[in-house]
Every structure is written in C-alpha cells, then in structure tokens.
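Heads up: the structure comes next, in structure tokens.
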Amino acid sequence: MLDPHLLRTDLDGIAQQLSVRGFTLDSARIADLERQRKIIQVETQALQAERNSRSKGIGQAKAKGEDVQPLLDAVASLGDKLKAAEQQLHVIQEQMDEILLGVPNLPHESVPAGVNEEDNIEISRWGEPTIFDFEAKDHVDLGEKLGLDFESAAKLTGSRFMTIVGPLARLHRALIQLMLDTHTGEHGYTECYVPYLVNRDSLKGTGQLPKFEEDLFYIGDDHGYYLIPTAEVPVTNMVRGEIISDEQMPLRYAAHTPCFRSEAGSYGRDTRGMIRQHQFEKVEMVQMVRPGDSYETLETLTSHAEKILQILGLPYRKMVLCAGDMGFSASKTYDLEVWLPGQSAYREISSCSNFEAFQSRRMKARWRNPETGKPELLHTVNGSGLAVGRTLVAILENYQQADGSVMVPEALHRYMGGVERLTATT
RNA sequence: GGAGAGGUGGCUGAGUGGUCGAAAGCGGCGGUCUUGAAAACCGUUGAGGGUUUAUCCCCUCCCAGGGUUCGAAUCCCUGCUUCUCCGCCA
C-alpha cells in the first residue's frame, strides 16, 4: 500500500509515477472520496466529542445525586446522528481502502521505463552458455530416463504436476540442502519452518490479495485458508503487527517450502516439462531491514542467490526489470536467468525485490528507530535462492553427457552419498 | 472431539458500567548524588488519526467483529487464540 498521506498531498505526482508502470490511477475518484472523508470525519469526531462530554456530565451529576433525566432527554437524538455519521465514514473508508489495496508500488527512480520483458535491461553475465559437441537434449527427454515422470503425476492429480523417482529425487532434495546450508552457514540467514496454509490477512499483507485471488489455490473449508504461492507470504508475515527493536534488526530468514500456483491465464505457456508447475519447491530469502538500508540489502541478497548458481557452475545473467514488468508490490526487482541449453535461452530462476514499506504498511510491521524512539515502517526485501525445480532443470540440461547421463555438480556430491553421475534407470 | 479458565501498554499484572488510555512493579529515557559506576531518590515513558506554522485541542484503540447503554477494558453474541484436564492421534 502506498502512503495515504502522500496520496493526499501529491496525487498528481503519484499518478504520474504509476503511469510509468502502466497503471492508471483513478485520481478523480480518490480526490472526491478524500474530500468527503474530511468533511464527514470532522463531523463524526465533533459528535463523538459531544457524546463524551455529555456522558461525563451525566456521570458527575449522578454522583452528586442530582436528577439526570433532563440531561438524558437532551442527548436523546445524539445517538442516532452519531451512528449515521459513523456509518457514513465507515463506508467511505472502506471504499478508499478498496482502491488503495489495488494500487501497485511506485517504481524506484533507478528502474528503467518499459512495458514488458522486452524492456528489461541486462546488468551482468556469469559464465558462458554451455556448448556441446553433440545435440543437446532438453530436461524432459533427459529426465524421462532418470525418473522424472509427468504421466504418473497427471494420473494422480492432473496437468502441471510431476513425480520424481530414484537418485534424481535425491538430487532434488540435495539442492534444497545445499541452498539452505549456504544461506544459513555463509550468508547469515536464520532457517525457519513455516505453515504452507495461510489466512487472508497474510496474503493481504504481502500483496497477493485482494487483487490476485485467481492465482491462488483456495482450500474451500471452514477455515478460509489458502496454499502459499511462495514462502514470502508466511515468512514476511511473521512480523505483521510487530514492533521490532533496533538490536534485532536486520532480520534475515531463509525457508524452504513448496509453492502452489494456479497459473490461471498461462494455459499455453511452458506446457512442456517442469518449468511451470502448480507445485514446486523453493528456498526463499527474506529480510526485514531499516528503511535506509533496503537498496544495499537488495544488492547483497541478490548476490546470495547468484552465489548458489556460481557454486553449481550454472551460467546466468542478471536483469533489472523495467517498470512495466515488475510485480505488484515491488519497487525494484532483479531477475536472475539461468542458461538452458534445451531451449537455447536464459530463463528466470530467481527474482529478488525491494518492497520498501509497501508490504510493511499493509502488515503494520515496524521497527523502533533509536534516534527518535518512535516506531517506523520497516522495509522488506526478498528473493528466491533459488527455485529448486528450475535449478534441477538447469543441472540436467547443462551437465548432460552425450550418452544421456548427467554429471552431478561437485558441490552436491556430499549430499548425494557418493553418486556422481545419474544414469538411465531403465 | 468433550469440559473448564484466560487474552489489558516493551514485559509482569490490577481494574464495583461513570475524568480509565488505564493502578502498581519491572524495563527504557532524563536528572540529582558520585572521581567513575552501582545503589538510592526525583521526573518522564503506548500507538494511529484529525485540526494547526507550531503549541493547544479533539477523535479512535484494553485479541478481532458485532450488540446493549446517555456512557463499555468492564455486560451480551460471534470468531480467533493461549493454557489445564479427558479422549483421539503422527
């Protein structure tokens, strides 16, 4: 959510900044509601003040043993007037909230203009696209012989699911271990385990709701729970409604969770293979930081995700997303794209964003500034480190051999119980 | 699933429906004292919003949402949640 104060004082400026990312702000409606809000709030508060002072008077008169009936008669009509005013104010505030909850974050000044991924800008490259002296297969052809099975999952559930059997399943798990161990052991994150089902308030806090309900799996039971689309939701919401002391800052959390996405509206895209699944594993890094530190944090957190790719020897490039391609809640986002020989393309494997106070304002997540002694909204920064399924794809395709076997990257050996090469199981 | 008891400021913990935004203690901050520190003593110390140049002033908030009342932390209803006992269970 944007700062309501900013919207009041610089509505046109905000509208201008939002237009950079292709969002049209209904300035007229907001200005109108704001005008009404002001009038009715003042009126409501005046009525409340009158009620309070008169009630106080009644209490005092009663204490002295005086007859309070005339005083009661005098306030008879006040209650209805007040109730009507409060109701009116409530309605306006709800309308305002509804609009505000649907307005995306402002892009940071360093974010390039642009409307879609064509306008993203490459920042750097690491490694060279892998070259083979044979014809490279994609992960589906490779995985088929190694225990990756989409047909089985289609029987169990439906499309966009997979089963993995054998050493390849272990490799999948080994990746998670490597990522978590690296982030906790070398990058200073605290590992955490969190619920995979969350309530609406949590999803509202990080920005998935109310606008992107169709992207989520809803558990249609009495609880009103949703499957998490990313660990970002439960981990970030741990600080919802909290005031964090300065000594505890910054908070750095890493968590491995499954992620569930309905992928509504992407029916034709990436239908082959495990690039786009309804269920996938991800290791997520989340930091809650002092407002002045968040852009520096975005750089270091992104480097932590890069580190994993480097350890695994996977070629990648780092992109800064243009304003139009960024997610709803982000001020600035870097995507890491890994080289996939099977597609002869770089594909997203990590997305690292600074949300500034956008999420914390929704969550009322604050930090006590020692200089002022007052609570201030903290900043949230997060990123994937990494998407596990896509990392498995990258390993299959980049480490494939002419005979269809796949070498296990050195860094994973210690997690693989001596297995250094995956070979056909059939 | 059954029975019972709770949810109050950074923390502990009081609070006959009427100056209660809330006693007291701890913690924090400022000061006195001290060579310095501790102790002791004095003062101060929640959040959000409206109005204002600013102060003043006003409103809201005692888990959340409704209700009763001139007036609710206090009474009623619903939900969430914590604890204890029983049952079940990985």
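Letters A, B, ... are given to chains in the order of the sequence lines, protein chains preceding strands, and every chain is numbered from 1.
For B:rA72 and B:rA38, the P atoms lie 46 Å apart once the distance is rounded to whole Å.
Of the candidate nucleotides B:rA47, B:rC58, B:rU51, B:rU51 has the atom lying nearest to any side-chain atom of A:Lys38. The nucleotide whose nearest atom lies closest to any side-chain atom of A:Tyr225 is, among B:rU81, B:rG10, B:rG50, B:rU81. When each of B:rG49, B:rC59, B:rU68 is scored by its nearest atom to the side-chain atoms of A:Gln48, the top-ranked nucleotide is B:rC59.
Each of A:Gln41 and A:Thr44 was assigned the nucleotide of RNA chain B with the nearest heavy atom; the assignment lying further toward the 5' end belongs to A:Gln41. Two residues, A:Gln60 and A:Val42, neighbour RNA chain B, and the one matched to the more 5' nucleotide by heavy-atom proximity is A:Gln60.
Taking A:His139 as the reference, nothing meets the ring-ring contact (aromatic ring centres under 6.0 Å, His included) condition, with sequence neighbours excluded.
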Are any protein N/O atoms closer than 3.5 Å to N/O atoms in nucleotides 70-73 of chain B? If there are, list each pair with its distance.
{"residue": "B:rC70", "atom": "O2'", "partner": "A:Ser55", "partner atom": "OG", "Å": "3.1"}
{"residue": "B:rG71", "atom": "O4'", "partner": "A:Ser55", "partner atom": "OG", "Å": "2.9"}

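Residue pairs meeting the ring-ring contact (aromatic ring centres under 6.0 Å, His included) criterion with at least one partner in residues 151-177 of chain A, sequence neighbours excluded, are A:Phe161-A:His278.
Using a 4.5 Å heavy-atom threshold, the side chains of A:Gln287 and A:Tyr189 count as touching.
At whole-Å resolution of the value, CD in A:Glu242 and P in B:rG10 are 11 Å apart. Counting to the nearest Å, the P atom of B:rU60 and the CD atom of A:Glu43 are 15 Å from each other.
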